[in-house]
Amino acid sequence: MARETKNAKTKKLIIYVAVFVAIAVIGLITGELKPAELLGKPADKDIVAAAESDFSVHFVDVGQGDCILIESGDKNMLIDAGENGSEEAVLEYLEQQKIKEFDFVVATHPHSDHIGGLSEVISEYPVKNVIMPRLSKENTPATVTYEKMLKAVKESGARVLSAVPGNIYSLGEAEFQIIAPFEQDENLNNMSVGIKITYQGKSFLFTGDAEKAVEKQMMNSEYDLSADVFKLAHHGSSTSNSKAFLQAAAPDYAVISCGEDNSYGHPHREIVDLLYDLDMYVYRTDRDGSVVFTVNNNELKVVTEK
């Protein structure tokens, strides 16, 4: 058999590269491939070591649900705890981070994919304050999950704080402000507690499942919505995350908390495309596992589980 000459090998390599580039370009044009799917920067895998910092925000992978742990010095806050059945994973993560107690627990709104695991967490850890939306009698759900969480809160002895826009609280050297909800809404997504937390000039924005009507209210408010990191509302749904709101927040990083191959199709394609158009780095718990941002000496870093 005749051996390939060096020139022949070089020509073949050039052809392979040209074909690969052509496929990629066609994919981008047709929408089959989108850079937004690849925007997450390569990161270290050791999220435990990463959390040993002055300030850290953990977007915990709980599948199709939300769970955010914030550590500021020796002060801790938990925002939601995933769906029913997420308790074991959440408690294991908290133990891994050596959490002893919570200064604040936030139940953004009474949907099970946000509060399902909270009753177990509140029963397991000392909790000083619980922040929840004040619901009217008509808006109060009669679900087992919600009632179980309320029972755990009552038995914990924690102080219950209604989410009032404008209220400001301290978490160690960090400070956070309530930015939503504004009024009663039969759509419980729109009762979501909105929070902006700031540490050493770096800020993080959380809006639960708030939809576009509430995003408009937040934009019409006096609050500064700009943030370095924004956890997309409603798991990247197109019912939320309007272009105007994303431009108002103008984050460098977007985080999507969603389950792999979830039945809702989250994140929705148009939102992923929009994030790409706005030139944001994107992290997704279904792809990256738990995602941790740290702040040390005014420097923001990110690490991922996978």
Side-chain angles (χ1 to χ4, degrees), residues 47-62 65-135 140 143-164 167-178 192-199 204 206 208 231 257 290 292-295:
I47 60 176
V48 177
E52 295 174 357
S53 59
D54 298 332
F55 180 86
S56 59
V57 177
H58 308 240
F59 297 90
V60 185
D61 180 13
V62 289
D66 272 17
C67 181
I68 299 119
L69 168 67
I70 302 174
E71 297 181 84
S72 179
D74 61 353
K75 306 298 182 181
N76 306 303
M77 177 162 70
L78 186 70
I79 304 176
D80 294 333
E83 180 63 87
N84 291 306
S86 298
E87 300 90 342
E88 185 176 342
V90 174
L91 290 172
E92 182 179 342
Y93 192 93
L94 297 177
E95 182 179 1
Q96 186 182 54
Q97 301 304 321
K98 300 178 182 179
I99 301 300
K100 301 300 180 185
E101 65 177 8
F102 286 103
D103 296 271
F104 294 92
V105 167
V106 180
T108 58
H109 64 294
H111 281 163
S112 61
D113 59 327
H114 290 255
I115 65 166
L118 276 181
S119 58
E120 294 295 331
V121 173
I122 293 171
S123 297
E124 189 73 21
Y125 287 89
V127 177
K128 295 180 181 179
N129 302 284
V130 176
I131 298 177
M132 298 186 292
R134 182 186 293 277
L135 301 177
T140 302
T143 63
V144 173
T145 298
Y146 186 56
E147 292 178 353
K148 186 178 179 181
M149 187 202 73
L150 292 179
K151 181 181 178 182
V153 171
K154 183 177 180 179
E155 292 177 349
S156 73
R159 180 174 60 159
V160 177
L161 303 171
S162 294
V164 177
N167 281 3
I168 297 174
Y169 303 93
S170 295
L171 185 72
E173 294 185 9
E175 183 177 87
F176 67 93
Q177 182 176 40
I178 307 298
S192 293
V193 179
I195 289 175
K196 177 180 175 179
I197 189 165
T198 303
Y199 177 81
F204 298 75
F206 315 93
K231 186 205 74 67
S257 183
S290 296
V292 181
F293 288 83
T294 63
V295 181

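Index from 1, following the sequence.
Between Lys148 and Glu120, some side-chain heavy-atom pair lies under the 4.5 Å cut-off. Contact annotation: the side chain of Phe206 never approaches that of Val193 to less than 4.5 Å [non-hydrogen atoms, C-beta and beyond]. No side-chain heavy atom of Ile68 sits less than 4.5 Å from a side-chain heavy atom of Val106. Between Tyr199 and Val57, every side-chain heavy-atom pair lies at or beyond the 4.5 Å cut-off. Side-chain contact check for Ile195 versus Ile178: some heavy-atom pair is nearer than 4.5 Å. The shortest distance between side-chain heavy atoms of Gln177 and Ile197 does not fall below 4.5 Å. The side-chain heavy atoms of Glu71 and Asn76, taken from C-beta on, include a pair separated by under 4.5 Å. Side-chain atoms of Ser53 and Val295, non-hydrogen and from C-beta on, never get closer than 4.5 Å to each other.
Under the side chain to side chain contact (heavy atoms under 4.5 Å, CB included) criterion, Lys128 pairs with Lys75, Glu101, Asp103, not counting sequence neighbours. Residues satisfying the side chain to side chain contact (heavy atoms under 4.5 Å, CB included) criterion with Ala89, sequence neighbours excluded, are absent altogether. Applying the ring-ring contact (aromatic ring centres under 6.0 Å, His included) criterion to Phe176, with sequence neighbours excluded, gives Phe104, Tyr169. Not counting sequence neighbours, the partners of Thr143 by the side chain to side chain contact (heavy atoms under 4.5 Å, CB included) test are Pro141, Thr145, Tyr146.
To the nearest 0.5 Å, the span separating NE2 on His111 from OG on Ser192 amounts to 8.0 Å. Taking CD of Gln96 as the start and CG of Leu91 as the end, the distance is 12.5 Å to the nearest 0.5 Å. From Met149, atom CE reaches atom CD1 of Ile115 across 5.0 Å, with rounding to the nearest 0.5 Å. Here the OG atom belonging to Ser56 is positioned 6.5 Å from the CG atom belonging to Leu69, to the nearest 0.5 angstrom. Going from atom CG of Leu161 over to atom CZ of Arg134 covers 10.5 Å, rounded to the nearest 0.5 Å. Interatomic distance, Ser290 OG to Gln97 CD, rounded to the nearest 0.5 Å: 9.0 Å.
The salt bridge (Lys or Arg N to Asp or Glu O under 4.0 Å) pairs that include a residue from residues 77-97 number zero, where partners must be two or more places apart or lie in different chains. For residues 104-115, no pair satisfies salt bridge (Lys or Arg N to Asp or Glu O under 4.0 Å), with sequence neighbours left out.
Enclosure of atom CD in Glu147 by more than 12 non-hydrogen atoms of other residues, nucleotides or ligands within 6.0 angstrom is indicated.
The aromatic rings of Phe59 and Phe293 stand perpendicular to each other, their planes meeting at an angle above 60°, with 30° marking the opposite boundary. Relative ring orientation between His58 and Tyr93 is described as perpendicular, the plane-to-plane angle rising above 60° on a 0-90° scale split at 30° and 60°.
Nearest heavy atoms, Val127 versus Ala158: O-CB, 3.3 Å. Heavy atoms only, all atoms of each residue included: Pro133 and His109 are closest at CG-CA, 4.3 Å. Between Ala81 and Leu78, the shortest heavy-atom distance links the atoms CB-CD2, 4.4 Å. Annotation for Leu171 and Ser72: closest pair O-OG, 2.7 Å, computed over non-hydrogen atoms.
No donor-acceptor pair closer than 3.5 Å links the side chain of Ser162 to the backbone N or O of Val164.
For Asp66 and Lys231, the salt-bridge test passes: some basic side-chain N is under 4.0 Å from an acidic carboxylate O.
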inquiry  = As a quick check of understanding, evaluate side chain to side chain contact (heavy atoms under 4.5 Å, CB included) for Arg159 and Val130, giving each step before the final call.
reply    = CA-CA 6 Å; Arg159 180 174 60 159; Val130 176; over 6 Å; no
inquiry  = Walk me through whether Phe55 and Thr294 qualify under side chain to side chain contact (heavy atoms under 4.5 Å, CB included).
reply    = CA-CA 6 Å; Phe55 180 86; Thr294 63; over 6 Å; no
message = Is there a side chain to side chain contact (heavy atoms under 4.5 Å, CB included) between Leu118 and Val105? Walk through the geometry before answering.
response = CA-CA 9 Å; Leu118 276 181; Val105 167; 3.8 Å; yes
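Screening Ser257, Cys67, Ser86 for a side-chain contact (heavy atoms from CB on, under 4.5 Å) with Val60, the sole residue that qualifies is Cys67.
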